[in-house]
Each structure stands twice: as structure tokens, then as C-alpha cells.
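Since the model is a prediction, treat every value here as computed from it, not as a measurement. The chains referred to below are lettered A, B, ... by the order of the sequence lines, with proteins before strands, and numbering in each begins at 1.
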Amino acid sequence: MAPITDEQVEAVRALVATIPAGRVATYGDIAAAAGLSSPRIVGWIMRTDSSDLPWHRVITASGKPAPHLATRQLERLRAEGVLATDGRVPLADVRHAF
DNA sequence: CTGTTGACCGATC
DNA sequence: CGATCGGCCAACA
């Protein structure tokens, strides 16, 4: 896959915006759905591109947000109806299917 | 141009 | 379960 294009980034943002409240998606899923070659790119986009998108609905494949944001995001998710047990979100129930 | 780093993932030990 | 490794790709010093 060639270098990342603007459309890829747009696709990622669109997908994140598509995630309804009470649901979450994994970096890998978004990367795959957006046609990215590597999940890391998704993380890179979030870090660099600070949009108004609900990035807190994006978590790792382990069912937890990134370590430094874990506490905060889990709180937000809880407010949206996503109950996390032991700092972990039940992906099987809240994972959003694209 | 080279080397590190980072919101990752999967396999393996 | 935790730790490590390799692969992945772009930004940055």
C-alpha cells in the first residue's frame, strides 16, 4: 500500500464519527475498514490530527484505551453507557461492526 | 539519510 | 497473566 493519502485519513475520521454512543471500535478495525496498512497509522492520526471526533470510543484490541488515556476514556465511556469491568471494556458486547 | 518513537496487533515464551 | 519480538508506517531530531 502506498503512503497514506488524505482520503485514508478522511475515511478514518468518518468511521470514528460513525461509531454510535455506547459502542466502541478497535484501532485495528478502523485501520482495516479505512484501508490502512497498519493500525499504528490510526494512532498516529489521533496524535497528530486533533479533531472534534469522539476518539474516546476508539480502544485497543485488548478492550482498553491507551495507557495514559485509559482512566479518562473509561470514565467517558461509562457516561455513554459502556460499563468497563476491571478497566476493561467487554468488546464482545460493545464492539461496533462496520 | 539514519535512528527513535508512538493513541497498535498478533504470536510466542 | 506478563514480558518480548517482529512487523507496520509516518513524524521528528
Side-chain angles (χ1 to χ4, degrees):
Chain A
M1 193 67 194
I4 300 301
T5 65
D6 293 339
E7 305 199 345
Q8 301 277 31
V9 180
E10 295 276 333
V12 172
R13 292 207 253 166
L15 287 166
V16 173
T18 300
I19 306 171
R23 293 273 180 112
V24 296
T26 69
Y27 290 94
D29 281 353
I30 294 174
L36 295 176
S37 333
S38 170
R40 291 192 100 128
I41 306 302
V42 178
W44 158 69
I45 295 172
M46 289 188 179
R47 201 191 65 195
T48 59
D49 187 351
S50 303
S51 307
D52 296 9
L53 297 172
W55 289 115
H56 55 275
R57 289 186 195 142
V58 183
I59 60 181
T60 71
S62 309
K64 295 176 39 173
H68 39 276
L69 306 174
T71 315
R72 223 164 98 188
Q73 303 209 171
L74 284 175
E75 243 182 292
R76 287 198 194 193
L77 290 173
R78 188 183 48 175
E80 291 187 351
V82 179
L83 300 179
T85 59
D86 192 36
R88 190 178 330 173
V89 174
L91 275 177
D93 295 337
V94 301
R95 192 176 193 177
H96 175 66
F98 292 109

A:T18 vs A:H96 side-chain heavy atoms within contact, under 4.5 Å: yes
Report the distance from atom CH2 of A:W44 to atom P of C:dC12, rounded to the nearest whole Å. 9 Å
Got A:I41 and A:Q8 here, is their nearest side-chain heavy-atom distance under 4.5 Å? no
If I take atom CD1 in residue A:I41 and atom C1' in nucleotide B:dG6, what distance separates them, rounded to the nearest angstrom? 11 Å
Of the candidate nucleotides C:dA10, B:dA7, B:dC8, which contains the atom at the shortest distance from the side chain of A:H68? B:dA7
A:R40 has its side chain closest, among B:dG6, B:dC9, C:dA10, to B:dG6
Can you tell me how far P of C:dC8 sits from CD of A:Q8, to the nearest Å? 17 Å
Taking OP1 and OP2 of C:dC8, is either one under 4.0 Å from a side-chain nitrogen or oxygen of A:S37? no
Return the value, rounded to whole Å, for the distance between atom CG of A:L74 and atom P of B:dA7. 16 Å
Rounded to whole angstroms, how far apart are CZ on A:R76 and C1' on B:dA7? 14 Å
Could you say whether A:S38 or A:T48 is positioned toward the 5' end of DNA chain C, judged by the nucleotide with the nearest heavy atom to each? A:S38
Measure from CG on A:L91 to P on B:dG10 and round the result to the nearest Å. 11 Å
Is the shortest side-chain heavy-atom distance between A:V94 and A:L83 below 4.5 Å? no
A:R57 and A:L77, any side-chain heavy atoms less than 4.5 Å apart: yes
Integer-rounded Å distance: B:dC8 P and A:I45 CD1: 13 Å
Rounded to the nearest Å, what distance is computed from the OH atom of residue A:Y27 to the C1' atom of nucleotide C:dC9? 16 Å
State whether the distance check finds a donor on one side and an acceptor on the other, under 3.5 Å, for side chain A:R47 versus base B:dG6. no
